[in-house]
Enquirer: 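One structure follows; several queries about it will come next.
Treat the numbers as computed from the prediction; the structure is a model and nothing was measured. Start at 1 and go down the list; that is how both ligands and their atoms are numbered.
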Amino acid sequence: MKKLVVANWKMNPLSLKEAEKIFALVLKRLPRLKNVQVVVCPPSIYIEELREIGRKVSLGAQNVFWEETGPYTGEISAQMLYDFGARFTIVGHSERRALGETDADINKKIKSAVNASLTPILCVGETIRDDKHEYFDFVKNQIITSLGGLPKRIISDLIIAYEPVWAISTTSGQKDATAQDSFEMITFIKKVLSDKFGLRGEMPRFLYGGSVSERNVDEFLSFGGADGVLIGKASLDPDRFSAIVKIVSDRK
Ligand code: PGA
């Protein structure tokens, strides 16, 4: 199975012109992709134009609405994103959860994405780590509610990103998550999927996200139990992003 590198540009950059420039540079700097698939998730209004620049990487959205069409001012449906050229969508990112998105909303979003042939990248992760290890239950509840009612074969085709919120976009001096933290949580999530949803062999693909860099990406893939990474800040810098992809692509 190919490794996966997903770029989350968040609400950047400020103009389409700048987005095209970054995307074109990313395509230019990327190595020949051997064992890796790359997905770039820009603000959705840029997706269609970026698709015209090159098809070496796939495009994804950062959010999706659960209804197909109708009186939902300001929302964008999965079908619309697919029509624009998106093939993936992030769902349940912690920055959306901070704006009020619930696991029940996320559940509907996953279903609508799948119906429109978009692969959901479901983000889960605790905001803090407590001494009693209650963060495991926190993530378990996120998983159980957001995947409720989904058949096994759909769950095994998902991508689940473990993003400990306390480790997102950290600056020096703050605590970063370790590969061990990632390994423990991904192993735990697999157990939840097996106990609660009856999954056995066919597990979804797992990403680690939270301050991924050239420095730590290899460690997360080697020891973090992850099949890939979700990258925020470093993905907006074409040099850094392509360096990370090259490290992943060159791994044996
Ligand atoms: P970061 O963002 O790489 O800047 O920590 C990751 C994310 O929020 O998806």
Enquirer: Taking distance alone, with no angle check, do K10 and ligand 1 share an N/O pair under 3.5 Å?
Expert: yes
Enquirer: Should the pair E101-K109 be classified as a salt bridge under the 4.0 Å nitrogen-to-oxygen rule?
Expert: yes
Enquirer: Just so I know, are the side chains of L207 and I160 near enough to count as touching, which here means a heavy-atom distance under 4.5 Å?
Expert: no
Enquirer: Suppose we measure from atom 9 (O) of ligand 1 to each protein heavy atom; which comes out shortest, and what is that distance?
Expert: E163 OE2, 2.8 Å
Enquirer: Measure the distance from atom 3 (O) of ligand 1 to every protein heavy atom, then report the residue, atom name and distance (to 0.1 Å) of the closest one.
Expert: G232 N, 2.8 Å
Enquirer: Relative to the ring of H133, is the ring of Y135 parallel (under 30°), tilted (30 to 60°) or perpendicular (over 60°)?
Expert: tilted
Enquirer: Salt-bridged, R205 to D157, with N to O below 4.0 Å?
Expert: no
Enquirer: Compute the minimum heavy-atom distance from G210 to ligand 1 and say whether it is under 4.0 Å.
Expert: yes
Enquirer: Quick one: which ligand 1 atoms are inside 4.0 Å of a heavy atom on N8?
Expert: 9 (O)
Enquirer: Nearest protein heavy atom to atom 4 (O) of ligand 1, by residue and atom, and its distance?
Expert: S169 OG, 2.5 Å
Enquirer: Identify whether the distance between the nearest side-chain nitrogen and carboxylate oxygen of D181 and R129 falls below 4.0 Å.
Expert: yes
Enquirer: Taking the six-membered ring for Trp, are the ring centroids of F223 and F183 within less than 6.0 Å of each other?
Expert: no
Enquirer: Report yes or no: does S211 have a heavy atom closer than 4.0 Å to ligand 1?
Expert: yes
Enquirer: Kindly work out whether a path of hydrophobic side-chain contacts (I/L/V/M/F/W/Y, heavy atoms less than 4.5 Å apart) joins Y208 to I231.
Expert: yes
Enquirer: Out of all atoms in ligand 1, which are within 4.0 Å of some heavy atom of K233? Include the element for each.
Expert: 1 (P), 3 (O), 4 (O)
Enquirer: Under 4.0 Å, heavy-atom basis, I'd like to know which part of I168 is in contact with ligand 1: side chain, backbone, both or neither.
Expert: both
